[in-house]
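What follows is one structure encoded as structure tokens, with my remarks underneath.
Order of appearance sets the numbers: ligands from 1, and atoms from 1 within every ligand.
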Amino acid sequence: MRRLTMTMTATAALMTAGMTHAADVEVLHWWTAGGEAAALNVLKEDLAGQGIGWEDMPVAGGGGTQAMTVLRARVTSGNAPTAVQMLGFDITDWAKEGALANLNDIAAENGWDEVVPAALQKFSKYDGEWVAAPVNVHSTNWVWADKSLMDELGIDQPQTWDDFIAALDKAKEAGLTPLAHGGQAWQDGTLFDAVLLATGGPDFYQKTMIDLDPEALGSDTMKQVFDRMGVLRGYVDDNFSGRDWNLATAMVINDEAVFQMMGDWAKGEFLNAGQTPGEDFLCFRFPDTQEQVLFNSDQFAMFSQGDAVSDEQAALATAIMSPGFQIAFNKVKGSVPARTDLDVGELDACGQQGYEEFKAAASSGNLFGSFAHGHANPAGVKNAMYDVITAHFNGEYDSETAVEELVTAVEINM
Ligand code: GAL
């Protein structure tokens with residue numbers, strides 16, 4: 001029945017778009033880890049069910065930095081893919097360039113305005129026009145923990161920064177890797193996002209990462225944030241440099257490390273390895289950020305191939321936003337639906353918690369775009385911040401220098 005409904009909606013969208021024949025969609029994305037690929041399959045199969053073929057254009061590299069570089073090259077050479085996975089301000093940047101297809105008719109037909117939360121619409125729309133279809137909402141301020149190791153070491157779920165440090169110390173004393181981490185700029189940035197929120201609180205997050213206020217960026221609180229990053233660096237193993245995020249997750253899955261701080265795409269890896277939340281692993285908010293949600297939403301933007309949106313682009317956008325697909329996909333991906341009108345009883349405990357917290361944070365002013373995932377400030381600023389954070393994490397700057405460099409980086413790239 002669900003399939004029938006989706007197919008009919010897609011057909012309606014095709015008619016709206018005034019197109020008649022379906023071809024393949026070429027989709028550029030960075031979902032190459034096990035859990036990510038499994039989620040992507042849900043989308044491929046949905047389209048296959050509608051007779052639409054899938055031309056895969058994967059660009060490995062968590063967070064999508066490499067994917068965005070490849071995209072730029074493709075567009076420059078006049079060969080844009082049909083559809084592209086994209087985050088936050090990158091969507092706005094491409095829309096500004098006039099590169100994206102207008103999805104207004106599909107959005108109107110399917111009532112997107114009513115069901116997509118404002119925080120996401122900010123990026124799905126440009127100048128009042130729909131230019132992207134959000135497939136999910138991830139949130140980044142999570143910790144993933146090995147339950148058996150926590151039990152063995154007598155570690156309770158840490159509620160505060162001090163609890164967290166005490167837990168990391170216990171793991172260290174036991175000869176385990178306390179914190180699984182991959183030394184890549186976007187991963188360092190993901191850690192920084194949570195540490196900054198935990199240290200300075202929501203107003204500080206708003207002022208620094210979103211408003212880019214020079215005074216807050218250069219404050220003593222910011223120095224404390226860098227000091228804390230230095231403390232966490234002491235709990236990471238020697239081989240962290242360049243490690244992919246999913247390999248860091250595997251360290252927790254394989255009982256080598258106790259914790260990983262990562263967005264909830266990490267859950268996709270645990271599930272893909274056959275693990276169960278609450279039994280094999282735990283998910284909890286980064287200590288001292290329990291009231292807030294740092295979000296990023298994967299969206300699919302369609303590159304203009306001519307005057308109107310093509311029939312396969314319309315079908316893809318329609319499928320992505322359909323209620324049945326949003327549940328099926330997000331169950332596997334680790335994220336939660338991008339629409340607020342769904343019953344998420346089918347999601348696991350972490351997913352249900354994430355969905356409720358996302359909605360609660362949105363209505364209490366505690367929802368913030370993740371800087372590390374392009375939802376707090378534009379790519380130019382984000383990349384400049386990454387450089388400073390990574391240099392500090394690798395011991396090239398002390399905290400004081402890092403604060404000065406951060407202020408300068410933002411000033412130059414704003
Ligand atoms: C994020 C993206 C997620 C996940 C992650 C690691 O930026 O939103 O869907 O793919 O990168 O690759």
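Cation-pi geometry between K172 and Y235 is met: under 6.0 angstrom from the ring centre, within 45 degrees of the axis. Remark: R339 is not positioned above the aromatic ring of W112, lacking an NZ or CZ atom under 6.0 angstrom from the ring centre and at most 45 degrees off the axis.
The ring-ring contact (aromatic ring centres under 6.0 Å, His included) check on Y386 picks up F371, with sequence neighbours excluded. The ring-ring contact (aromatic ring centres under 6.0 Å, His included) search around F300 returns W31, not counting sequence neighbours. By the side-chain contact (heavy atoms from CB on, under 4.5 Å) test, I210 pairs with Y205, Q206, F368, A376, sequence neighbours left out.
Protein residues with a heavy atom closer than 4.0 Å to ligand 1 are W30, W31, E36, G62, G63, L87, H138, W245, W265, N296, D298, K333, H373, listed by chain and number.
With respect to the salt-bridge test (charged N to carboxylate O, under 4.0 angstrom), the residues D151 and K147 qualify.
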